[in-house]
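Any value given below was found using the heavy atoms of this structure, including those in side chains, with hydrogens, waters and symmetry copies removed. Naming: A, B, ... by sequence-line order, numbering from 1 per chain.
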Number of protein chains: 2
Amino acid sequence: MNKQIITKNKILNIAEALFAEHGFNETSLREITAEAKVNLASVNYHFGSKKSLIEAVFERYMEVFTNSLMNEMAMLEKDVQNIKTLEVLQTLIHPLMAVNHIRPDGSSVFMKLLGRAYSETQGHLRRFVMQKYSHVFLRFTRLLHKANPELSSESMFWRLHFMMGSFIFTLAGHEALQEISQSDFDRKVDIETILTRLIAFLAAGFEYSREQSDTLKHSTHQ
Amino acid sequence: MNKQIITKNKILNIAEALFAEHGFNETSLREITAEAKVNLASVNYHFGSKKSLIEAVFERYMEVFTNSLMNEMAMLEKDVQNIKTLEVLQTLIHPLMAVNHIRPDGSSVFMKLLGRAYSETQGHLRRFVMQKYSHVFLRFTRLLHKANPELSSESMFWRLHFMMGSFIFTLAGHEALQEISQSDFDRKVDIETILTRLIAFLAAGFEYSREQSDTLKHSTHQ
DNA sequence: ATTATTTTCAAACAACTGTTTAAAACATAC
DNA sequence: GTATGTTTTAAACAGTTGTTTGAAAATAAT
């Protein structure tokens, strides 16, 4: 009963690191089991299939992340009137840092996994995540809409996806970006600094983008 | 001499469609050659390897795209003073539409390929593209800097990457987004409409994002 | 101590991958 | 028409993949 947990966790720990580094399809069960020093068949025994292992790896992070995010959003909703776009986006920062409790570089792993999830395998994982945590996503978009009540739901839809693109892309590649920043500007940046810059960028795009159809609505920002 | 071109082109045409639809790793040479009705070995005979085939597929689009983009940028550079961020970003629209000359849905294929290129296989293709067309990329960033001379190169660096994220992500997934837009708002959108919205979003993010370090510099926009 | 249950293990399975080979078919030139 | 070069073809190669099997080992329950 104890051995089971040990083996299962050994697999999870190694798997998430390898998945984050090389991708899901590019990581074989043999690589995982070899590095975890467990038998090849134990993945299928404990998880059923590789696909289920991937979902299990992802779920461990999503659980922590979404719980924390729900908390943050609840706090923001306490004074409903006058919610700012920037504040809504800032609810993401703490949850993204909270996954460091899972492992020291948890944020980094989680972000890379997120990036992989959105690009690979024609989006099986994306759909799995989207429907399992749709209530979190919905609550977030509603908050964003409250911060920008004048926006049509069509504008909301598009800007939301533009945001997600930047977010996923930046987070998934944050390691490379950190290295470039280090060598080009001799400035080491931590994840939170990147997030702050990113969120400032997205808030501006979300609030101030002037589409031909609703230019007027935005002409009054100070 | 004629047969060679026919076979080579048959492979290219089928390959680019399958690559765009399912990804590079997820498309086998057997699928390509079967659908193109040519022999399996002909890919290795004409292109040398699968990797070279991928690059060839990509190059055909990049050639048209970058040529057109260089033209657009040259036109913009004619009156150097007073270049707007939005104008710089708009130079991308026509080149992205120009690849429709390669095939009817060329824009769609090219965008999906771009998305794949940035996510898959740990970035082999991304590096290949980046170094082959680095002069185009550099010219574009210089224009962007001219439109925002007050920005530090560090701010430039980050905002550029935030932009790229949105761009790649949105273009790669444009088909799904189009479908959702169609069903949710009963409004069919073409690629150019998405691009216009996207570019407006990015221009706002690029110009108006307020970082703690250089908030002052932006406090004067009208 | 003896069942019963769970977990590990080595081996094999079946399917798939990109690539190479050597002979056949085809085209071109003299 | 023979010779030369190019392209196509079927077959085999060598490697990888996720999954299954059935016996062995370890653990738990009686």
Side-chain angles (χ1 to χ4, degrees), chain A residues 1-59 113 116-117 119-125 128, chain B residues 1-59 113 116-117 119-125 128:
Chain A
M1 176 221 165
N2 202 17
K3 200 106 181 226
Q4 171 193 148
I5 296 178
I6 289 176
T7 304
K8 222 175 159 179
N9 266 36
K10 273 205 276 186
I11 294 175
L12 275 177
N13 286 329
I14 299 292
E16 69 185 31
L18 291 179
F19 284 154
E21 214 53 47
H22 308 117
F24 302 111
N25 287 333
E26 290 72 20
T27 305
S28 70
L29 296 185
R30 280 167 180 83
E31 292 177 68
I32 295 171
T33 52
E35 193 155 325
K37 293 190 187 92
V38 300
N39 189 271
L40 169 60
S42 55
V43 170
N44 288 283
Y45 177 75
H46 285 290
F47 296 93
S49 67
K50 186 183 180 180
K51 195 177 162 190
S52 304
L53 170 62
I54 294 175
E55 292 179 359
V57 162
F58 216 79
E59 231 164 336
L113 287 177
R116 303 272 182 204
S119 53
E120 275 189 37
T121 64
Q122 221 177 338
H124 289 167
L125 187 50
F128 166 76
Chain B
M1 176 217 164
N2 203 16
K3 202 106 183 231
Q4 173 193 146
I5 296 179
I6 289 175
T7 303
K8 223 175 157 176
N9 266 36
K10 273 204 276 188
I11 294 175
L12 275 177
N13 287 329
I14 299 293
E16 69 184 32
L18 291 179
F19 284 153
E21 214 53 47
H22 308 117
F24 301 112
N25 287 334
E26 289 72 19
T27 305
S28 70
L29 295 185
R30 279 168 179 82
E31 293 178 67
I32 296 171
T33 53
E35 192 155 324
K37 294 190 185 92
V38 300
N39 189 272
L40 168 60
S42 55
V43 170
N44 289 281
Y45 177 77
H46 285 291
F47 296 94
S49 66
K50 186 184 180 180
K51 195 178 161 189
S52 305
L53 170 62
I54 294 174
E55 292 178 0
V57 162
F58 217 77
E59 233 166 333
L113 288 177
R116 303 273 181 202
S119 54
E120 274 191 37
T121 66
Q122 221 175 341
H124 289 165
L125 186 51
F128 165 77

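- In this structure, the CD atom of B/E26 is 15 Å from the C1' atom of C/dG18, given to the nearest Å.
- At a threshold of 4.0 angstrom between heavy atoms, the contacts of A/S52 with the nucleic acid are absent.
- With values rounded to the nearest 0.5 angstrom, B/E21 atom CD is found 10.0 Å from B/L113 atom CG.
- Taking the side chain of B/R30 as heavy atoms from C-beta on, and the options C/dA12, D/dA12, D/dT6, the nearest nucleotide is D/dA12.
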**Complete:** For DNA chain C, the expected dot-bracket line (Watson-Crick or G-U under 3.5 Å, [ ] crossing, | inter-strand) is ||.|||.|||||||||.|||||||||||||
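- Distance CG/A/N44 to NZ/A/K50: 11.0 Å, rounded to 0.5 Å.
- Side-chain contact between B/R116 and B/F19 is absent, with no heavy-atom pair separated by less than 4.5 Å.
- A heavy-atom distance below 4.0 Å to DNA chain D is reached by these residues of residues 34-44 of chain B, ordered by number: B/N39, B/A41.
- Rounding to the nearest 0.5 angstrom, the gap separating the CD atom in A/E55 from the OG atom in A/S49 is 7.5 Å.
- Put simply, the side chain of A/T7 does not reach to within 4.5 Å of the side chain of A/Y45, judged on heavy atoms.
- How far OG1 of B/T27 is from CD of B/E35: 10.0 Å, rounded to the nearest 0.5 Å.
- Atom-to-atom, CG of B/N25 to C1' of D/dT16 comes out at 13 Å; the value is rounded to the nearest Å.
- When the nucleotides D/dG18, C/dT8, C/dT17 are ranked by their closest atom to the side chain of B/E31, C/dT17 comes out on top.
- Across the protein-nucleic acid pair, B/Y45 atom OH and C/dC26 atom C1' stand 11 Å apart, rounded to whole Å.
- Rounding to the nearest 0.5 Å gives a distance of 10.0 Å between NZ of B/K10 and NE2 of B/H46.
- Following rounding to the nearest Å, B/L29 (CG) and D/dT8 (P) show an atom-to-atom distance of 16 Å.
- Contact between the side-chain N/O atoms of B/H46 and the OP1/OP2 oxygens of D/dT6 is not found at any separation under 4.0 Å.
- With a 4.5 Å cut-off on side-chain heavy atoms, A/I11 and A/L53 count as touching.
- For the pair B/I32 CD1 and C/dT19 P, the computed distance is 11 Å after rounding to whole Å.
- Distance NZ (A/K51) to P (D/dT19): 11 Å, rounded to an integer number of Å.
- Among the atoms of the strands shown, only primed sugar atoms or phosphate atoms (P, OP1, OP2) are found under 4.0 Å from some heavy atom of B/T27.
- Residue A/T7 places its side chain closer to C/dT8 than to any other of C/dG18, D/dT19, C/dT8.
- Considering A/I14, A/L40, A/N39 as possible partners of A/T33, the one that fulfils the side-chain contact (heavy atoms from CB on, under 4.5 Å) test is A/L40.
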